[in-house]
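All values below come from the heavy atoms of this structure, side chains included, with hydrogens, waters and symmetry mates left out. The sequence lines fix the lettering, A, B, ..., with proteins before strands; numbering per chain opens at 1. If you're wondering where the values come from, they're calculated on a predicted model, not measured in any experiment.
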Amino acid sequence: MSNLRSLLKDKFLMNTDIRVRFAPSNTGHLHIGGARTALFNWFFAKHHEGTAILRVEDTDRQRSTEEFYDAILEAFDWLGLEWDEGPYRQSQRMDLYQEAANKLLSSGNAYRCTCTPDEVNEMRERARAEGKTPKYDGTCRDRYDKDPAAPFCLRLRVPDEGETIFNDILSGNISFENSQLDDMVIVRTDGTPTYNFCVAIDDIDMQISHVIRGNDHLSNTPKQVLVYRALNEPTPKFAHISMILGPDKKRLSKRHGADSVLEYKERGFLPEALINYLVRLGWSHGDQEIFTKEEIIENFSLENLNRSAAIFNPEKLLWLNQEYIKSADSGFLVESLDSGLKDRGLSPDQLNHRTRMGIVDELRTRSSTLVDMIEGALFFFEDEVEWDEKAASKFLTPQSSRLMLKLRNELSEIDTFTSKHIKSAFHRVMDEEAVKLGKLAQPVRVAITGGTISPGIFETLSLLGRDRSLHRLDAALGRVNQ
RNA sequence: GGCCCCUUCGUCUAGCGGUCAGGACACCGGCCUCUCACGCCGGUAACAGGGGUUCGAGUCCCCUAGGGGUCACCA
């Protein structure tokens, strides 16, 4: 390929390729707000057949940890989001920032500042006291008497007047008075680059076409735009999406119980449900509530994003999760059940795979989460049921024990223990004793499950199997006769 | 406080000048029913307020109020 052609191709790619990045810092887990931002980036890229990039901003040496780095990747792995590029790490790109800083220094867009943090704070205090915007006053801008031996940081020279305007896809033109901005530090005294600087440099270097991020970054944007301008680089398109708020309309935090993505995994949510819920917070496609990943990719667009903040609603997430559980593959549910049982020290193999398929199929309409499902299935796998006292004293009575004994004998006669045959057995007892099903079913339910809640009694008995059913009935009868 | 963003049922939202303001979650009834669910049917509930523009504003403009965000040698 000739130089000219490769140049043209680069030009072409630069203008038409959609390249987005999600840039978390590894100072904490991937929380659901971050996940939603990641999702919007990812779906936008996929919709346009562009490139989704993961870039970890790990320049905070105090708070960044490898544990969080791994946890973030694990969260994406669980969500099933694969990144086309990355993870890049800012900590490994220091040369790039250094080079850019030198460029700005030699072009005069940046300068050395020897003011100490204390002095700068004083300036801010003073300005605040005078009712002005607290900012660095530019003391070192054009100073020639700086002590060459004094430690220094690098600041960006920001115009005193005029305004910095950029276009936001969601909000239109947004302008900031330059007088509101100060000469921000781009390289610290210790030589490390700062956030707003790295972001701009990376976005330039990675040829990011669209910056999609939370609108808590809106006021950072002019600072970054100024870096672009100083470097004579075209700015990407911006889309500042609304944030997720807690029920008290405050910024989502640990207090709201809605934190890390992996925690949702632990609580028994399906990644598809979480994705669906998060994407629908701020984005919609007509009246549709449930979307496959493919449907989101097909229909996603930034134009359909809502500008206002959304309040996180756990109930709706729960509903969606159940919807996904209701239509989940039985094999998958059995796997979840099995691992949940093992975690609780129970052996899934007590009942064969076919039976476990039956169990999850009975439980899927009764479970908002996989944890609910597992807990609802425990009685099938425990050796002895522990009767709930309240339920037992109400239903395991001498009156009901007579019925249960009859039923026990009927059940022991059945050769294939299917729900159909079990049902017949129940009816024989009901007819003989002239009682309604409820009179018999509820005591039996307590006897074999320990409580008053379970799938249909015929199905439950059938799934439990004859031997174990009879054993539990006997145990319950024993209790009554004590 | 300065600056910036936002404002349709309790919540998520549809609406892109003319709609009985639609859907979903939640809630409340009813049906189904062996418990719990599921399912089905029905119901309550919103354009923050005030000015304009227009024959006509949830939709366009302005003001007010409220909410949020942000003001570091953190990210």
Side-chain angles (χ1 to χ4, degrees), chain A residues 23-28 57-60 62-64 90 113 115-117 120-121 124 127-128 131-136 151-155 168 170-171 174-177 179-182 184-190 192-196 198-199 214-222 240 242-243 245 247 249-251 277 280-290 303 306-320 322 326 362-368 376 391 395 423 426 430 436-446 449 451-458 460:
Chain A
S25 66
N26 56 333
T27 53
E57 317 222 314
D58 55 355
T59 53
D60 184 337
Q62 320 301 328
R63 299 187 301 148
S64 295
Q90 287 188 327
C113 171
C115 297
T116 65
V120 177
N121 281 338
R124 292 210 170 88
R128 200 185 289 272
K132 290 193 272 192
T133 306
K135 51 185 236 183
Y136 176 67
F152 62 88
C153 67
L154 250 42
R155 286 183 183 276
D168 185 272
L170 296 177
S171 298
I174 298 175
S175 67
F176 287 80
E177 297 284 338
S179 60
Q180 297 291 326
L181 277 15
D182 70 357
M184 65 170 181
V185 172
I186 58 173
V187 178
R188 300 184 186 93
T189 309
D190 67 4
T192 60
T194 60
Y195 170 75
N196 282 120
C198 295
V199 168
N215 78 22
D216 49 333
H217 285 281
L218 211 44
S219 44
N220 281 327
T221 308
H240 287 92
S242 65
M243 305 186 61
L245 270 29
K249 295 196 171 185
K250 293 271 183 267
R251 194 181 187 139
Y277 177 74
R280 271 288 283 106
L281 234 42
W283 176 79
S284 59
H285 180 66
D287 283 340
Q288 191 171 346
E289 294 287 350
I290 297 178
E303 283 70 27
N306 211 319
R307 287 193 291 268
S308 49
I311 293 172
F312 184 78
N313 182 201
E315 268 113 34
K316 189 158 184 180
L317 207 208
L318 240 19
W319 167 76
L320 251 181
Q322 175 158 24
K326 279 194 296 194
E362 285 298 329
L363 253 18
R364 68 202 312 156
T365 55
R366 292 167 235 264
S367 310
S368 290
F395 292 106
K423 184 177 181 180
F426 267 75
M430 286 155 58
K436 294 203 167 180
L437 180 54
K439 284 280 177 215
L440 183 55
Q442 212 48 0
V444 172
R445 190 185 317 277
V446 174
T449 72
T452 56
I453 298 171
S454 84
I457 195 65
F458 312 133
T460 301

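If you measure from atom CG of A:L181 to atom P of B:C4, you get 11 Å, rounded to the nearest angstrom. Atom C1' of nucleotide B:U35 and atom CD of A:E362 are separated by 13 Å, given to the nearest angstrom. Per the geometry, CD belonging to A:Q322 stands 11 Å off C1' belonging to B:C36, to the nearest Å. The CZ-C1' distance, from A:R445 to B:C36, rounds to 8 Å in whole Å. Straight-line distance from the CE atom of A:M184 to the C1' atom of B:C73: 12 Å, rounded to whole Å. Between A:E177 atom CD and B:C4 atom P the separation is 8 Å, expressed in whole Å. Following rounding to the nearest Å, A:R155 (CZ) and B:A72 (P) show an atom-to-atom distance of 11 Å. Atom CZ of A:R366 is separated from atom C1' of B:A37 by 5 Å (rounded to the nearest Å).
A search for side-chain contact (heavy atoms from CB on, under 4.5 Å) contacts involving A:S308 returns A:N306, not counting sequence neighbours. For A:T27, the side-chain hydrogen bond (donor to acceptor under 3.5 Å, both in side chains) criterion is met by A:S25, not counting sequence neighbours. Residues forming a salt bridge (charged side-chain N to carboxylate O under 4.0 Å, His left out) with A:D182 (at least two apart in sequence, or on another chain): A:R124. Scanning for side-chain contact (heavy atoms from CB on, under 4.5 Å) contacts around A:P193 gives A:M94, A:Y97, A:F197, A:C198, with sequence neighbours left out. Applying the side-chain contact (heavy atoms from CB on, under 4.5 Å) test to A:F152 and every residue at least two apart in sequence or in another chain returns A:R112, A:T114, A:L154. Residues forming a ring-ring contact (aromatic ring centres under 6.0 Å, His included) with A:F426 (at least two apart in sequence, or on another chain): A:F458. Every residue meeting the ring-ring contact (aromatic ring centres under 6.0 Å, His included) condition with A:Y277, not counting sequence neighbours, appears here in chain and number order: A:F312. Applying the side-chain contact (heavy atoms from CB on, under 4.5 Å) criterion to A:A310, with sequence neighbours excluded, gives A:L281. Under the salt bridge (charged side-chain N to carboxylate O under 4.0 Å, His left out) criterion, A:E57 pairs with A:R55, not counting sequence neighbours.
A gap of 13 Å separates the C1' atoms of B:U54 and B:U59, to the nearest Å. With both ends at atom P, the span from B:C62 to B:C6 equals 12 Å, rounded to whole Å. B:A57 and B:G18: their C1' atoms are spaced 9 Å apart (whole Å). Nucleotides B:C4 and B:G23 place their P atoms 39 Å apart, quoted to the nearest Å. With C1' as the reference atom, B:A26 and B:A45 are 12 Å apart, rounded to whole Å. Using C1' as the reference atom, B:G52 and B:G43 are 39 Å apart when rounded to the nearest Å. Taking atom C1' on both B:U8 and B:C47, the two are 4 Å apart, rounded to the nearest angstrom. With P as the reference atom, B:C20 and B:C27 are 32 Å apart, rounded to whole Å.
A:G214 comes within 4.0 angstrom of no nucleic acid atom, judged by non-hydrogen atoms across all strands. A:K326 comes within 4.0 angstrom of the backbone, heavy atoms only, and of no base. Residue-level contact check: A:I457 touches the bases, meaning some heavy atom is under 4.0 Å from a base atom. Backbone-only engagement by A:S175 is indicated by non-hydrogen atom pairs under 4.0 Å involving sugar-phosphate atoms exclusively. In this structure, A:F176 reaches the sugar-phosphate backbone alone: every heavy-atom distance under 4.0 Å involves primed, P, OP1 or OP2 atoms, never a base. Using a 4.0 Å heavy-atom distance criterion, A:T189 is classed as a base contact. Backbone-only engagement by A:T59 is indicated by non-hydrogen atom pairs under 4.0 Å involving sugar-phosphate atoms exclusively. Residue contacts shown for A:P222 are absent, as no nucleic acid heavy atom lies under 4.0 Å away. Contact annotation for A:T27: no contact, since no heavy-atom pair falls under 4.0 Å across all strands.
For B:C55, the paired base is B:G18 (Watson-Crick or G-U wobble, both distances below 3.5 Å). Under the Watson-Crick or G-U wobble criterion, with both distances below 3.5 Å, B:A24 is paired with B:U11. Using N1 to N3 plus N6-O4 or O6-N4 for Watson-Crick, or N1-O2 and O6-N3 for G-U wobble, each under 3.5 Å, B:A48 pairs with B:U64. Under the Watson-Crick or G-U wobble criterion, with both distances below 3.5 Å, B:G39 is paired with B:C31. Base pairing of B:C71 is made with B:G1, judged by Watson-Crick or G-U wobble geometry with both donor-acceptor distances under 3.5 Å.
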Any protein N or O atoms within reach of nucleotides 64-71 of chain B? Criterion: under 3.5 Å, listing atom names and distances.
unit_1 : atom_1 : unit_2 : atom_2 : d
B:G68  : OP1    : A:K250 : NZ     : 2.3
B:G69  : O3'    : A:R251 : NH1    : 3.1
B:U70  : OP1    : A:R251 : NH1    : 2.3
B:U70  : OP2    : A:R251 : NH1    : 3.2
B:U70  : O4'    : A:S219 : OG     : 3.4
B:U70  : O2'    : A:S219 : OG     : 3.0

For nucleotides 40-46 of chain B, list the nitrogen or oxygen atoms of the protein found under 3.5 Å from its nitrogen or oxygen atoms, one pair per line.
none

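For A:T365, taking side-chain heavy atoms from C-beta onward, the closest of the listed nucleotides B:C73, B:C38, B:C4 is B:C38. Comparing B:C5, B:C12, B:C34 by their nearest atom to the side chain of A:Q442 picks out B:C34.
For the residue pair A:T460 and A:P455, the shortest heavy atom distance occurs at OG1-O, 3.1 Å. Residues A:I453 and A:R445 come closest through the heavy atom pair N-CD, 3.9 Å. Here the shortest heavy-atom pairing between A:K326 and A:R364 reads O-NE, 3.1 Å. Taking every heavy atom of both residues into account, A:V120 and A:R155 meet most closely at CG2-NH2, 3.5 Å.
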Output one letter per nucleotide in nucleotides 24-33 of chain B: B when a protein non-hydrogen atom lies under 4.0 Å from the base, S when only the sugar-phosphate is that close, - when neither is.
BS--------
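Checking A:N220, A:D216, A:T221 one by one against A:H240, the side-chain hydrogen bond (donor to acceptor under 3.5 Å, both in side chains) holds for a single residue, A:T221.
Atoms CD and OG, from A:E362 and A:S454 in turn, are 9.0 Å apart once rounded to the nearest 0.5 Å.
Residues A:P455 and A:L170 each lie close to RNA chain B; by heavy-atom proximity, the contact nearer the 5' end of the strand is made by A:L170.
Phosphate contact (OP1/OP2 of B:C6, side-chain N/O of A:R307, threshold under 4.0 Å): present. Considering only side-chain N and O atoms, A:N306 lies nowhere under 4.0 angstrom from the phosphate OP1 or OP2 of B:U8. For B:C36, neither phosphate oxygen OP1 nor OP2 lies less than 4.0 angstrom from any side-chain nitrogen or oxygen of A:T452. OP1 or OP2 of B:C6 sits under 4.0 Å from a side-chain N or O of A:S171.
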